[in-house]
Structure formats: C-alpha cells, structure tokens
Amino acid sequence: MRLVQLYHPTFGRRVALVEAAQLRLLHDFTSIYDLALKAIAEGGSLTNLIQAKVSNELLDYDLIYQGQSAWQLLPAFDHPINPNACMLSGTGLTHKASADNRQQMHEAAKEETLTDSMKMYLWGVEGGHPPSGEIGIQPEWFYKGNGTLLRGHGAALPVPPYADDGGEEPEIAGIYVVDPSGKPWRVGFATANEFSDHVMERKNYLYLAPSKLRCCAIGPELTIRPGLQALSGKVRIYRQSEILWEKAIQTGEANMSHSIANLEYHHFKYANHLCPGQVHIHFFGADAFSFGEKIQLADGDRMEVYWEGMGRPLQNTLAVVQGAAPFVKVAILT
C-alpha cells in the first residue's frame, strides 16, 4: 500500500492512496502524520484506517506526477504544522560501494592502509546484524537538518553559495513518528535523495557534518511495508534530457552491513529523539552515487532515483544559487 501527500492552491492539503495511474483521496485527513497518529491511538493498524477513509474522488496521477496539474506532490511525509519538529538524519557506510567511495576519497598514503571509514564499514559487517532483541555495533550517524530542508518530487535541490558542490545520494528513508507516550513508530519507507556536498567532504572527513546540511527529497510515495529485505533499483542523471550517467543500485538488509532494527535502536536510544509528536526521517545509506565515478553535476541536471516496489521514481533538479553567500552577523543583547 502506498500513499502520497498533495497540495492544491484552492483545496489545500490532502492525502491519497495510489491506485496505478490514479490517486484516490482520503476523507478527513490532510497529512499522513495525522493519519499515523490516529492509527496509533486506535490500536496501530494504519492500513485499516486508510481503507475506512477512502473516498470516491479520483485524480489523474500521471498529470500530477508530470507537473501538469494544479495539484502538487509534497514530500511523502512531513510534520504538517512545525517543520522544526521533523529531524532529518542518516547512517553512512552501510553499503559496500559507499564505503569503497569513501575509502578512495580519504585513503592514507599507503594504498593497503584501511581508512577509518572502511574500518567502520567492516565493523558493521561483523556486528551490524545482531540476533533479534540484541544490540549490535553502533553505525556512523549524522544529523542532516530539520524539516525546513525537506523537498518533494519535482522540486529543485539548491546548491547554496557557501557550498562546494551538490550531488545525489540514492537511498531509502525510514519514516517515523513518536507517539504521545514517547514511543517511536515506523510509518513506512520512501524513496530518497539524501543530496550532499561531496567536494567539501573530500577536503577532510571532519567536514562530513557540514557537508550533510543540505536540502534533500523523499517521495513521491510512502510505502507501507513491514520490512526491507532486498531492493534493486536504478539511479540516473539527466543533462538536457539525455542520460549523462546511470547505475544499478541495491539496498535492503541483504545488501547492508546493518539490520534496520540495529539502525533504529542506535537512533532512538537517545532520549531527545523520543519527544512526543516528533517526526524522524532517517536515510539508510547509498549504494552508489555519480560523484564516486568523477561526475560533477551542473545547474539544471535532473536526478532520478528508482526502487522496485517503492512506486514511481523520485526526480529533482539541481539548482545552483548564484551570487555570494550573505554575511550573517549575530546581534548582541546588552
């Protein structure tokens, strides 16, 4: 079962169920966030609540997806009222190809020397899939920002003036909400482009943290499924309607050095990640990205991420923000 969030300048926000080339609007709910909290309050069955709320109103998904409708696709999940209550985060070095790319970017003088990045990936291979109920090795974790940086299908992902670069990271994101008692619930999964500044990161691995503070995108669909064992997909870069670069990609627990449960434990073990009403969008890592093959994206390039079984591809354009970064001066109270 897959859902989308929509916005219309006259009718406002709506939630719809994906039915092939059509979208069936739901009654009573304007966000999947509210839908999820209601399902939790009623016993924890989101699919039952969706089936009870389907309407007879149908929309043409093709037109909306192509940007030819007044209806606009929103991110597949968000906090509908307070974007600051939505945490964006991720775990890196969960896929072998990503670790290889990081190894090449940060390798020591001797080629046979393993970098800290590769060591951390191998720790995951050894201890990232613990038996059910046990705690495995801690993964690399990063903070990406809050909901003000979240974008949906068709939106531009900006490269700000203070950035060195911008590049796609084709991933799956886990979507979570914290209930009023402080318990985290996984709502589903979404196709994601984590989008990072790889040139900044390559200068020094200690720049990883600021290189991640960029806009990102999820969607167009949120998929309700119990787990994520193995997924195949494809990432493409289009330049002026021609394919500049493409690659097959793999994800899911069978292709990762950590189980989803282990990643979730190490994210939600922190008390400040369990604030009632909080939204968490957590990126599980990339299998491949164009920068690792010496592709540098340019203004107007279109990034596409597709995963089998996760709905339609996520497409976003890269937009280089022109001009110098404004100097931010802090005011001082006296």
Side-chain angles (χ1 to χ4, degrees), residues 1-3 5 15 29 31-50 74-92 94 124 128-150 171-192 194 212 216 218-219 221-229 251-253 256-285 310:
M1 184 173 285
R2 301 193 299 275
L3 299 173
Q5 296 193 125
V15 176
F29 290 95
S31 71
I32 303 176
Y33 173 84
D34 290 328
L35 190 70
L37 288 179
K38 181 67 171 176
I40 293 168
E42 293 187 350
S45 177
L46 183 56
T47 54
N48 286 348
L49 181 58
I50 292 168
L74 297 172
F77 198 85
D78 61 359
H79 194 296
I81 298 173
N82 181 12
N84 292 314
C86 173
M87 176 184 286
L88 309 177
S89 60
T91 26
T94 52
H129 285 263
S132 179
E134 296 185 16
I135 298 171
I137 192 74
Q138 180 169 278
E140 179 194 49
W141 183 96
F142 60 85
Y143 173 71
K144 187 151 184 74
N146 60 36
T148 62
L149 297 175
L150 189 62
E171 307 189 19
I172 292 289
I175 311 299
Y176 305 89
V177 65
V178 182
D179 73 15
S181 72
K183 179 180 178 178
W185 292 74
R186 188 201 306 142
V187 183
F189 300 96
T191 298
E194 193 244 304
K212 293 294 186 181
C216 57
I218 62 167
E221 303 170 24
L222 180 139
T223 302
I224 302 167
R225 56 189 295 167
L228 201 69
Q229 182 58 26
T251 194
E253 292 185 315
M256 295 166 61
S257 58
H258 290 264
S259 66
I260 299 297
N262 194 51
L263 297 180
E264 290 174 338
Y265 165 77
H266 285 291
H267 179 77
F268 287 108
K269 67 186 179 184
Y270 301 107
N272 62 310
H273 291 184
L274 297 172
C275 301
Q278 199 173 36
V279 168
H280 292 261
I281 297 175
H282 189 79
F283 297 86
F284 291 135
M310 295 295 294

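From a predicted model like this one, the values you see are computed outputs, not experimental measurements.
- Among residue pairs with one or both ends in residues 256-266, those qualifying as salt bridge (Lys or Arg N to Asp or Glu O under 4.0 Å) are Arg186-Glu264; sequence neighbours excluded.
- Ile281 has its side chain within reach of Cys86: a pair of non-hydrogen atoms, C-beta onward, lies under 4.5 Å apart.
- Distance check, rounded to the nearest 0.5 Å: CG of Leu228 to CE of Met310 gives 7.0 Å.
- Applying the side chain to side chain contact (heavy atoms under 4.5 Å, CB included) test to Asn146 and every residue at least two apart in sequence or in another chain returns Asn84, Tyr143, Thr148.
- Under the ring-ring contact (aromatic ring centres under 6.0 Å, His included) criterion, Phe283 pairs with no residue, sequence neighbours left out.
- Distance check, rounded to the nearest 0.5 Å: CG of Leu49 to CD of Glu42 gives 5.5 Å.
- What you find for Pro276 and Pro180 is that their closest heavy atoms are CG-O, 3.5 Å.
- Here the CD-CG distance, from Gln278 to Asn82, works out to 10.5 Å after rounding to the nearest 0.5 Å.
- Residues that satisfy the side-chain hydrogen bond (donor to acceptor under 3.5 Å, both in side chains) test with Ser259, not counting sequence neighbours, are absent from this structure.
- In terms of heavy atoms, Ala76 sits closest to Gly219 at CB-CA, 3.8 Å.
- Nearest heavy atoms, Ser89 versus His267: OG-CE1, 3.1 Å.
- Residues meeting the side chain to side chain contact (heavy atoms under 4.5 Å, CB included) test with Thr251, sequence neighbours left out: His95, Ile172, Leu231, Met256, Trp307.
- Pro184 is linked by a side chain to side chain contact (heavy atoms under 4.5 Å, CB included) to Phe268, Leu274, counting only residues two or more places apart in sequence or in another chain.
- Looking at heavy atoms from C-beta onward, Ile175 lies in side-chain contact with Ile218 at the 4.5 angstrom threshold.
- Paired with Thr91 under the rule side-chain contact (heavy atoms from CB on, under 4.5 Å), one option of His266, His282, Glu171 passes, and it is His282.
- Atom NZ of Lys38 sits about 6.5 Å away from atom CZ of Phe29, to the nearest 0.5 Å.
- For Leu37 against Asp179, the heavy-atom pair with the smallest separation is CD2-CA, 4.4 Å.
- Going from atom CG of Leu263 over to atom CD of Glu140 covers 11.5 Å, rounded to the nearest 0.5 Å.
- With Lys144 contributing its side chain and Gly90 its backbone, the two residues share no donor-acceptor pair below 3.5 Å.
- In terms of heavy-atom proximity, Cys216 sits nearest to Leu88 at SG-CD1, 3.7 Å.
- Side-chain contact annotation: His273 with His280, donor-acceptor N/O pair under 3.5 Å absent.
- Rounded to the nearest 0.5 angstrom, Met87 CE and Cys275 SG are separated by 8.0 Å.
- Residues that satisfy the ring-ring contact (aromatic ring centres under 6.0 Å, His included) test with His79, not counting sequence neighbours, are Tyr33.
- Not counting sequence neighbours, the partners of Glu221 by the salt bridge (charged side-chain N to carboxylate O under 4.0 Å, His left out) test are Arg2.
- Annotation: ring-ring contact (aromatic ring centres under 6.0 Å, His included) contacts of Phe142 (sequence neighbours excluded): none.
- The main-chain N or O of Gly285 is never found under 3.5 Å from a side-chain atom of Glu194 such that the two would form a donor-acceptor pair.
- The two residues Gly124 and His258 come nearest to each other via the heavy atoms CA-NE2, 3.6 Å.
- With sequence neighbours excluded, no residue satisfies ring-ring contact (aromatic ring centres under 6.0 Å, His included) with Phe189.
- Ile224 meets the side chain to side chain contact (heavy atoms under 4.5 Å, CB included) test with Met1, Leu3, Leu46, Thr47, Ile50, Leu222; sequence neighbours excluded.
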Using distance only, find each side-chain donor-acceptor pair of residues 130-139 under 3.5 Å and give its atom names and separation, not counting sequence neighbours.
{"unit_1": "Gln138", "atom_1": "OE1", "unit_2": "Lys269", "atom_2": "NZ", "d": "2.5"}

